[in-house]
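Below, read A as the first sequence line, B as the second, and so on, with proteins coming before strands; counting in each chain starts at 1. As the structure is a computational prediction, the values presented were derived from the model and not from experiment.
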Number of protein chains: 2
Amino acid sequence: MSRPLAHPNSEDITVAGILHALADPVRLAIVSELLKAEAGLNCTQMTDRLEVDMPKSTCSQHYRILRESGLIVSERKGVELTSRVRLRELETRFPGLLQSILKAHEQETTKTRRRGRGG
Amino acid sequence: MSRPLAHPNSEDITVAGILHALADPVRLAIVSELLKAEAGLNCTQMTDRLEVDMPKSTCSQHYRILRESGLIVSERKGVELTSRVRLRELETRFPGLLQSILKAHEQETTKTRRRGRGG
DNA sequence: TTTAATAGTTCATAAATACGGTACAACAGG
DNA sequence: CCTGTTGTACCGTATTTATGAACTATTAAA
């Protein structure tokens, strides 16, 4: 698979697709992490960062859903597949959407952390 | 048996829950319609407005998911169950979130309907 | 080239979830 | 009581999701 990774065009990105992709807590966390790492992260790095016991196949599926929803773009770098958020395109297509969702997620995370998840 | 319709407290509303609820096109449309009707709408009215052939049980299920996610509040009025969006609470809990999602939804809907401009 | 190691995808299957039909409950009017 | 209206509960079917095993793709070493 040298490259046929399916990335939708900006115009084909849908709200429902984005919401569905981000409706999963793990995927929401993935996108949140990706935003902190501008260089992008591959599955292995992501699994490590999230500190969850996630099988490779599951991470791959999550990435695929995020990719097909148009949220991330994946690029092969040697053996690895580095992904990052399609920030500019998303902002152009649906201004403020991703920002609001991630902001809300951070709020939520912050509140949760205060009760014993010091990390 | 008047069941005490389960409404989560503001603090228990989650981003993932909201996104999951709104990830369904029908539910997104329902919320969009509810926002236009401040007095609230019951299932029958909603089915009529959306002009979709939706069974009662399906509409009821959609309402339940929206209710349990904290997006709407349902109130008994005789035989009917009128629901409306928990606008203020949602705005307090996750400022701008619902607004952005609905705005994106409107953009998408508008774009789909026409191809350039006009009305 | 072969062999090994690393990173990720695809397949098969089981579990979870959603949709919609049917039966039923709650209320209003008679 | 009965009848009509509105919504819910339950269940069968269909779709979706999670994940281990096997497979592909790339790099390195010999």
Side-chain angles (χ1 to χ4, degrees), chain A residues 1-7 14 16-30 33-34 37 39-50 52-69 71-84, chain B residues 1-7 14 16-30 33-34 37 39-50 52-69 71-84:
Chain A
M1 183 187 266
S2 301
R3 130 196 26 167
L5 291 167
H7 291 99
T14 67
I18 289 177
L19 298 185
H20 167 75
L22 297 180
D24 184 286
V26 174
R27 288 196 290 267
L28 191 52
I30 287 178
E33 283 298 324
L34 286 182
L41 295 171
N42 60 33
C43 274
T44 305
Q45 295 168 323
M46 183 57 68
T47 302
D48 199 44
R49 286 211 184 190
L50 294 182
V52 295
D53 193 17
M54 179 168 49
K56 289 191 302 179
S57 54
T58 301
C59 188
S60 177
Q61 291 285 6
H62 284 318
Y63 266 58
R64 186 168 72 96
I65 291 178
L66 290 172
R67 190 187 311 129
E68 292 179 352
S69 77
L71 276 163
I72 67 174
V73 53
S74 303
E75 186 185 1
R76 188 170 275 286
K77 289 187 178 178
V79 205
E80 309 169 12
L81 198 73
T82 301
S83 301
R84 56 201 152 71
Chain B
M1 285 189 272
S2 299
R3 287 170 187 73
L5 295 168
H7 293 98
T14 66
I18 290 178
L19 299 185
H20 168 74
L22 296 180
D24 184 286
V26 174
R27 289 196 291 267
L28 192 51
I30 288 177
E33 284 299 324
L34 285 182
L41 295 171
N42 61 32
C43 275
T44 305
Q45 296 168 322
M46 182 57 68
T47 303
D48 200 44
R49 286 212 183 189
L50 294 182
V52 294
D53 193 18
M54 179 166 49
K56 288 191 301 179
S57 55
T58 301
C59 188
S60 176
Q61 189 76 352
H62 283 317
Y63 266 58
R64 188 162 77 100
I65 290 178
L66 289 171
R67 189 187 312 129
E68 293 179 351
S69 76
L71 275 163
I72 68 174
V73 54
S74 304
E75 187 184 1
R76 261 247 165 68
K77 290 187 178 179
V79 204
E80 310 171 10
L81 198 75
T82 300
S83 301
R84 56 200 152 70

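Look at CD1 on A:I30: it is 13 Å from C1' on D:dA18, rounded to the nearest Å. Atom C1' of nucleotide C:dG8 and atom CE of A:M54 are separated by 13 Å, given to the nearest angstrom. Spacing between atom CE of A:M46 and atom P of C:dT9 amounts to 13 Å, rounded to whole angstrom units. Taking atom CD on B:E68 and atom C1' on C:dA18, their separation rounds to 14 Å, with Å as the unit. Protein atom CD1 of B:I65 is 13 Å distant from nucleotide atom P of D:dA9, rounded to whole Å. Note: CG (B:L81) to C1' (D:dG7) measures 7 Å, nearest angstrom. A:L66 has its CG atom 15 Å from the C1' atom of C:dG8, to the nearest Å. The separation between A:R76 atom CZ and D:dT27 atom C1' is 11 Å, rounded to whole Å.
The nearest pair of heavy atoms linking B:L34 to B:S83 is CD2-O, 3.4 Å. Contact detail for B:Q45 and B:G40: the closest heavy-atom pair is OE1-O, 4.1 Å. Considering every non-hydrogen atom in both A:T82 and A:L41, the closest pair reads CG2-N, 3.7 Å.
Taking for each of B:Q61 and B:K56 the nucleotide of DNA chain C with the nearest heavy atom, the 5'-most of the two is the partner of B:Q61. With the nearest nucleotide of DNA chain D identified for both A:D24 and A:K77, A:D24 has the one nearer the 5' end.
Nearest nucleotide to the side chain of A:C43, out of C:dG8, C:dC19, D:dT6: C:dG8. Looking at the side chain of A:R27, the nearest of the listed nucleotides D:dT8, C:dC19, D:dA18 is D:dA18. Of all nucleotides listed (D:dG20, D:dT5, C:dC19), D:dT5 comes nearest to the side chain of B:V79. Of the candidate nucleotides D:dT6, C:dT9, D:dA18, D:dA18 has the atom nearest to the side chain of A:T58. Considering only side-chain atoms of B:E80, the nucleotide from D:dT19, D:dT6, D:dT17 that sits closest is D:dT6. Each of D:dT6, C:dT9, D:dA18 was ranked by its minimum atom distance to the side chain of A:R67; first place goes to C:dT9. Side-chain proximity of A:H20 to the nucleotides D:dT8, C:dA18, D:dT17 is greatest for D:dT17. Distances were taken from every side-chain heavy atom of B:S57 (C-beta onward) to each of D:dT6, C:dG8, C:dG21; the shortest belongs to C:dG21.
Distances shorter than 4.0 Å separate none of the side-chain N or O atoms of B:S60 from OP1 or OP2 on D:dA9.
Distance check: B:L22 CG to A:H20 NE2 gives 14.0 Å after rounding to the nearest 0.5 Å.
Contacts of A:E33 classified as salt bridge (charged side-chain N to carboxylate O under 4.0 Å, His left out), with partners at least two apart in sequence or in another chain: A:K36, A:R49.
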